[in-house]
Amino acid sequence: MNKAKILVVEDDKAVRNLITTTLETQNYQYHTAEKGSEALLEAVSFQPDVMLLDLGLPDMDGIEVTRRVRKVVGPDTTIIIITAYDWTTIEKSAREAGANAFLFKPVFASALYNTLLSVTGVEEAANKQEDDGVEPALSGRRVLLAEDNELNTE
């Protein structure tokens, strides 16, 4: 089964490591960049299927990187903007620049996995789950969540 090639553009080392560790567990091929200028070079040489792009990079913002990437690689690369802020304030300009989707920080492995499934194909995941025949570890169990922060509860 072919996995999407992913370019991770994130200047925060901890966030970048969390994302790449998640990608490794799912056997994705990936490259990384820490700046928008590096992302442009990687987009041309690596030809990613998906770009996970931080909105706030040191040399240019993610919307400008998106705009420039679209000029050099065209519409075939799916661009997912990663932000810790409410993306609805930048959604219109990001989509006009060529962004396809958004992902919130902190980036949870499950959110990353689900976002990648939504842009690369849900059938791939469904087939994988059917093939392994293993029930999830929490199947049939009840879970108590005790949390005083609404965002964490969600």
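In this chain, numbering begins with 1 at the start of the sequence shown. What you are looking at is a predicted structure, and each value in this text was computed from that prediction instead of being measured.
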Let me confirm one number: the OG-CZ distance from S93 to R67, rounded to the nearest 0.5 Å. 7.5 Å
Could you list all the side-chain hydrogen bond (donor to acceptor under 3.5 Å, both in side chains) pairs where at least one residue sits in residues 74-84, not counting sequence neighbours? none
With rounding to the nearest 0.5 Å, note down the distance linking CD in Q26 to CG in L116. 8.5 Å
Before you tell me yes or no, could you show the steps for L52 and E10 under side chain to side chain contact (heavy atoms under 4.5 Å, CB included), namely the whole-Å CA-CA distance, both residues' side-chain angles and the distance that decides it to 0.1 Å? CA-CA 8 Å; L52 297 169; E10 173 61 64; over 6 Å; no
Criterion side chain to side chain contact (heavy atoms under 4.5 Å, CB included) on D54 and D11, from CA distance to verdict: CA-CA 8 Å; D54 184 23; D11 61 319; 2.9 Å; yes
To the nearest 0.5 Å, tell me how far H31 NE2 sits from L7 CG. 8.5 Å
As a quick check of understanding, evaluate side chain to side chain contact (heavy atoms under 4.5 Å, CB included) for T115 and I80, giving each step before the final call. CA-CA 9 Å; T115 301; I80 301 169; 3.7 Å; yes
Close side-chain approach of M60 and R68, heavy atoms under 4.5 Å: yes
Which heavy atom in V107 sits nearest to a heavy atom in L18, and how many Å separate them? O-CD2, 2.9 Å
Among residues at least two apart in sequence or on other chains, which ones pass side chain to side chain contact (heavy atoms under 4.5 Å, CB included) with A111? L103, F108
Would you please test I19 and I6 for side chain to side chain contact (heavy atoms under 4.5 Å, CB included) and show each step? CA-CA 11 Å; I19 292 170; I6 300 175; over 6 Å; no
Would you call I82 and L53 a side-chain contact if the rule is heavy atoms closer than 4.5 Å? no
Please enumerate all residues that pass salt bridge (Lys or Arg N to Asp or Glu O under 4.0 Å) together with E38, with sequence neighbours excluded. none
Do the side chains of E34 and K13 get close enough for a salt bridge, i.e. N-O under 4.0 angstrom? no
Please determine if K5 forms a cation-pi arrangement with F46, meaning its NZ or CZ atom is less than 6.0 Å from the six-membered ring centre and no more than 45° off the ring axis. yes
Is the closest side-chain heavy-atom distance between F102 and I90 below 4.5 Å? yes
Provide the closest heavy-atom pair for A39 versus A33 in the form atom of the first, atom of the second, distance. N-CB, 3.8 Å
Answer yes when D12 and K105 have at least one side-chain N-carboxylate O distance shorter than 4.0 Å, and no when they do not. no
Non-hydrogen atoms of V73 and A43 that approach each other most closely: CG1-O, 3.5 Å
Can you name the closest pair of heavy atoms from L57 and K35 and give their distance? CD1-C, 4.2 Å
Would you check if I81 and T66 make a side-chain contact, meaning some heavy-atom pair closer than 4.5 Å? yes
